[in-house]
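What follows is a short report on a single structure.
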Protein chains: 2
Amino acid sequence: MLDTVDKLIDELVDGGSNFAASLGISRVAGQLYILLFLSEKPLSLDEMMEKLKISKGYVSINIRALERWQAVRKVWVKGSRKDYYEANLDTISIVVNQLEYGLRQRFEGLDLIINRAKGKIGQMKNTQSKEQIQNLEDKIKKAEKMYNRVSGLLGKLDLLKLLK
Amino acid sequence: MLDTVDKLIDELVDGGSNFAASLGISRVAGQLYILLFLSEKPLSLDEMMEKLKISKGYVSINIRALERWQAVRKVWVKGSRKDYYEANLDTISIVVNQLEYGLRQRFEGLDLIINRAKGKIGQMKNTQSKEQIQNLEDKIKKAEKMYNRVSGLLGKLDLLKLLK
DNA sequence: TAGAACGTTTAGAATATATTAAAAGTTCTA
DNA sequence: TAGAACTTTTAATATATTCTAAACGTTCTA
C-alpha cells in the first residue's frame, strides 16, 4: 500500500522516457530527468541507481549529460558528502535549446556542402555534357533555396517565445 | 575525367545523408533519396545498388520506406520490366509531413499517460501523505500545462505554410 | 509452360550502442 | 596522512541495429 506513489512514479518515468527516447534522447537520461522532475527532493546517485536498477557508473554518465544540457543541477545537501541533483523544471526551454542547437549544427554542415558543390560545378563547365551540368546546377539551386528558407526562419523564429 | 560528376554526386549523397541521419532518418534511405534527387532520370534498383554498393534487398526495403513517406515514386519506363524511381523534389513538404506526423504520435501518447496519472492521484488521496500527493499533483499539472501549450501550437501552426 | 528477369523476404553475420562490474581517481575526515 | 566515502573511467559483455546473400515468389517472354 505504501508504494502506490512509487508505482505511479515508475509508470510516469517509463512513459515519459519513451517519449524522450522517441525524440532521440538517451532513454536512461530521460528516466533520470523525469525521476528528478517528479521527486519532492534532490536525489543522490545511489538513490537514482536504486530506483532505476541500473549501475552507478551509468547513472554518473547520464546525469552528467543532463547537467551539460542544463536539464538538472547539482545541489548542496548539508551533512552529506554525496552529490545530489534536482531537475530544472522548465522542460520546454531545455527541449527547445537542444532542438535549436541541433538544427543549427546540422544546417551549418549543409551550407558547406552546398557551397563546395557550387564551386566544383563551376570548374567542371567545359569538361562535362551540357545537360548534366544544367541538371546539377538546377538541383543545387533548389537545395540552396530550401536551405535559405529554413535557415532564415530558424534565425528569426525564437521558438522559446512562441511557447512561453 | 568522365567521372567528375559522379564524384561530386557521391560527395553530395554522403553529406546530405549524414544530415538525414542526424534527423533520425535511416542513412541509406537518405542516400537513396539524394541520389534520386540529383539524378537526371529515374533509376532502377540495380542502378541504385550499384551506385551505393549495397545489396539489392536493402535497396528494396529502403526504397519502399521512401515510397511510404511519398519521398519517391515509381515511374513507368517503356520497354523495361524494372521498377524505376524518381524523387519528389518538394523536400520540405516531405520533411515537414514526417515531423508533424511524428510529433502528433508522440503527443497522443503523452496525453494518455498524463490523464492516467491524474486519475490515479485522485484515487490515492486518502492513503498517502499530503505532501507527497501535493507534489505529484503540482508536477503533473506542470506537465499538463506544457503539453497543452505545445499541442495547441502544433494544432494551429501549419509549418508547411511558414516555409513555403 | 519452361525458364529468365525481376522484386521481396528471411536468416544470419557484421557492426554499433547500451550497460555493467570493477578498478582507479578524488575529496573529506579523523 | 591513512582510509573511508564518494564519483569517474574503463574494459568487457549484452543487446539492438544494420546489412548481406541466398532462397523464394511472381510476372513476363519465347
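Proteins get letters first, then strands, A, B, ... in listed order; numbering begins at 1 in each.
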For Ile61(A) and Arg81(A), take the nucleotide of DNA chain D holding the closest heavy atom to each; which residue's nucleotide lies nearer the 5' end? Arg81(A)
In whole angstrom, give the distance that lies between atom NZ of Lys53(B) and atom P of dT20(D). 12 Å
Whole angstroms only, please: what is the CZ-P distance between Arg64(B) and dT10(C)? 10 Å
Minimum-distance nucleotide to Asp83(A) side chain [options: dG7(C), dT7(D), dA21(C)]: dT7(D)
Verify, without hydrogens or angle tests, whether Ser44(B) (side chain) and Glu47(B) (backbone) share a donor-acceptor contact under 3.5 angstrom. yes
Residue pair Val13(B) / Ile9(B), side-chain heavy-atom distance below 4.5 Å: yes
When you match Lys74(B) and Arg27(A) each to their closest nucleotide on DNA chain C, which lands nearer the 5' end? Lys74(B)
Under 4.0 Å from OP1 or OP2 of dG7(C): is there any side-chain N or O of Lys56(B) that close? yes
Leu36(A) versus Ile63(A): any side-chain heavy-atom pair under 4.5 Å? yes
Distance check needed: dC6(D) C1' versus Ile63(A) CD1, whole Å only. 15 Å
Rounded to whole angstroms, how far apart are OH on Tyr84(A) and C1' on dC6(D)? 11 Å
Output all residues satisfying ring pair (Phe, Tyr, Trp, His ring centres under 6.0 Å) with Tyr147(A), sequence neighbours left out; order by chain, then residue number. Phe107(A)
Taking atom P of dC6(C) as reference, at what distance in whole Å does atom CE of Met48(B) sit? 14 Å
State which of dC19(D), dT20(D), dG7(C) makes the closest approach to the side chain of Lys82(B). dG7(C)
Rounded distance (Å) that lies between atom C1' of dA12(D) and atom OH of Tyr58(A): 15 Å
Would you tell me if any nitrogen or oxygen in the side chain of Ser60(A) comes within less than 4.0 Å of OP1 or OP2 on dT8(D)? yes
In whole Å, I'd like the distance from the CG atom of Asp46(A) to the P atom of dA5(D). 12 Å
Nearest-angstrom distance from the residue atom CD1 of Ile25(B) to P of dT18(D): 13 Å
Nearest heavy-atom pair of Trp69(B) and Ile94(B): which atoms, and what distance? O-CG2, 4.1 Å
